[in-house]
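The block underneath contains the structure these notes are about, expressed in structure tokens.
Computed from a prediction, not measured in an experiment: that's the story for all the values here.
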Amino acid sequence: MSRNTTLRVVSLTQSSGVELNAYLVADSKPTRQEQKLKTLSEYVQQFPSGWKKRLELANLLSEMGQIEQAVEEYRQVIDRQQPPSIGVRLQLAKLLQLMGQEVEAAAVYESASANARNEATRQHISGSIALCRGDTQAGILAFESAASLEPHNAAHWLALAQVQVGRGDAVAALRAFDAVLSLHPEDIVASIGSYDALVAVGNVRQAQQRLSKALEVAPGDFGVLKRLADTRCRMRLVSGEEGKQTKKTIASVLQLAPDAADGHELLAYYHLFRGESANGVAVLEGFTEEHPNHPRGWYSYGRYLFHTGEYQRAAAAMLKAYRLYPLDCEIYRALCEILPAARMTSSPASLDRPQPTAQFHSHQKREFCRGSAPVPTPDPDDSIGRSDQEGRHGGTAPTENQTALGDLGRSNREVTLTSIVEEMLDRFPDRWSVWTTAGRVLVESFQEIDRGCAVSAKGTQLEPQLPDAWFAHGRVLALALKHRAAVEALAQGWELLPEEGGYLQSVSAAVWLGESYGVLGDEVASRKCLEKACQFAQELMEFDPAMAGYWRGRALLGLGDVREAVEAYRSALSRRLLYPFRGEVEEAVKRLKGKRRKGDRAKA
């Protein structure tokens, strides 16, 4: 980070004055904060037996994002303060939890709970303890209990929202974030969280409104600027004056956090959407060279390579991220998508570093890698935006990889797609997307039809009110050629969508329903769904023109309008549609043009 940029720990306070929630926020602080840090440090060195100034120092370190130093100072305060206050212990526990030291954090939480007099506070602490122990459901119940006891305490709702985000329930998370915003309309953390949840459920219009509000409240906030840049890239605002504004926003993100991966990822996709793919590769390649042990950097690099059709190199980069941090659900899900595309389904996967792009030298990479902090690009591996032909079209023709995997920090064992799926289900059993992802892999890559469908169904059992869970399961059933069951699942998800328009799922779900109805011979229902898909795609063109063009082309093709389908596909390609969709569309356009030529010759 730059000299004047910090990650501050922000807390929400319970009505009794006890701080309950902590989260990190990137922020810019004046240099006087550093002067205060120097003054307090000198004081505690001169008077080491006191605790009041040491507590001020610990709080300042925590606010400045110097978490490890803050933890040590809080420990010193607890040793000197008799009896130690519940607030200090909770602050220490929260920081330990943020650092991933769950066992120690749980012990500190327990000591704090024993001295808590307020029942809502005890329930909140119980929820934190449950999370430290990996019991997500118990954590949810505890936070819900705390919120019911103190419905006007935003801390309980925020904790509940964050847990729901972690388990992939965007609908429940959105309800909790909205509860926070009803109490504190300008809460920036809840505003960002609700924006993310709205995007996750596909409500792009309301998400845009929420982001605009967040910009008014905190125009210089890292998280807000990150999402603004991501949205502008998704809308392909990368040329002319609009492109300059997008580049300026990305530069602000990079300035706020130069050592984070998000800004570099944004800059890479900015280049990609301008038709400068090699420049984007250089950005992320340079970041991984400068930060070789940064898993998020390798994850971003892997996603980017995958989206440009470099499936083999993408697999190597994502496996590197997996080796560095085998505890991230999204890394597992990405591998479940990338390894089949790279045709690495049975042989051991390799962790070899992706080879640098030949035409770029070190000084060129440095030139493209200026700037710095990460904001993720739209991820097409969600259930509403994945090609049904992934791994079969586009990109460099891959070869079967026979290289054994290196040490993952556990047992030096080989890693295969099978082992990735098994580990993913074992590590994240309460996440619906894990089950639908695993089910799809079992059906597509291993032709385990019955098991794959049963595994996928588990996602709908975990989240019976979530449209995406039903849509993802419906696609697995369709891929298994169980179209009648697929229609039932897709229709169930459709019923759960809100009545108002503006949902990305409306487009893909309508296409999938139309295609399955067509296979079943119900032409009337099929045409009705595909016509709806065309309408929804047109409405969403401004938010994501490439994917809207893709779905419109696919719907038109189902309706038999080949000419218009080709035009929609070409429109998507001109807006830099990403792989694997791009490969599918390029092949479809080539095939359809050939059919049209044959038809023209036959008429002549």
In terms of relative ring orientation, are His264 and Phe287 parallel, tilted or perpendicular, with 30° and 60° separating the classes?
tilted
Is there side-chain contact between Glu265 and Arg296, with heavy atoms separated by less than 4.5 Å?
yes
Centre-to-centre under 6.0 Å for Tyr579 and Phe306, is that the case here?
no
Between Arg554 and Val585, is any pair of side-chain heavy atoms under 4.5 Å apart?
no
For the residue pair Phe471 and Pro467, establish whether any side-chain heavy-atom pair is separated by less than 4.5 Å.
yes
Do the side-chain N and O atoms of Arg313 and Tyr301 include a donor-acceptor pair separated by under 3.5 angstrom?
yes
For the side chain of His294 and the backbone of Gly297, is there at least one donor-acceptor N/O pair under 3.5 Å apart?
yes
Atom pair CG/CG of Leu477 and Leu490 - distance to nearest 0.5 Å:
8.0 Å
Take Arg210 and Ser194 through the side-chain hydrogen bond (donor to acceptor under 3.5 Å, both in side chains) test and state the conclusion after the steps.
CA-CA 8 Å; Arg210 195 61 53 85; Ser194 65; 2.9 Å; yes
Ring-plane angle category for Trp494 and Phe536, please: parallel below 30°, perpendicular beyond 60°, tilted otherwise.
tilted
Would you say Asp468 and Gln505 are linked by a side-chain donor-acceptor pair, where the criterion is simply a distance under 3.5 Å?
yes
Minimum-distance pair of heavy atoms, taken over all atoms of Val487 and Leu513
O-CD2, 3.8 Å
Taking the side chain as every heavy atom from C-beta outward, state whether Tyr195 and Val224 have any pair of such atoms under 4.5 Å apart.
no
Phe428: partners by ring pair (Phe, Tyr, Trp, His ring centres under 6.0 Å), with sequence neighbours left out
Tyr332
Does the cation-pi check pass for Arg236 over Phe273, that is, NZ or CZ under 6.0 Å from the six-membered ring centre and within 45° of its axis?
yes
Mind checking what makes ring pair (Phe, Tyr, Trp, His ring centres under 6.0 Å) contact with Tyr304, not counting sequence neighbours?
Tyr269
Is a side-chain donor-acceptor pair under 3.5 Å present for Arg333 with Thr437?
yes
For residues 453-461, which side-chain N or O atoms pair as donor and acceptor with protein atoms under 3.5 Å away, sequence neighbours left out?
residue, atom, partner, partner atom, Å
Ser456, OG, His473, ND1, 2.8
Thr460, OG1, Ala457, O, 2.6

Once you round to the nearest 0.5 Å, how far does CG of Asp544 lie from CH2 of Trp551?
11.5 Å
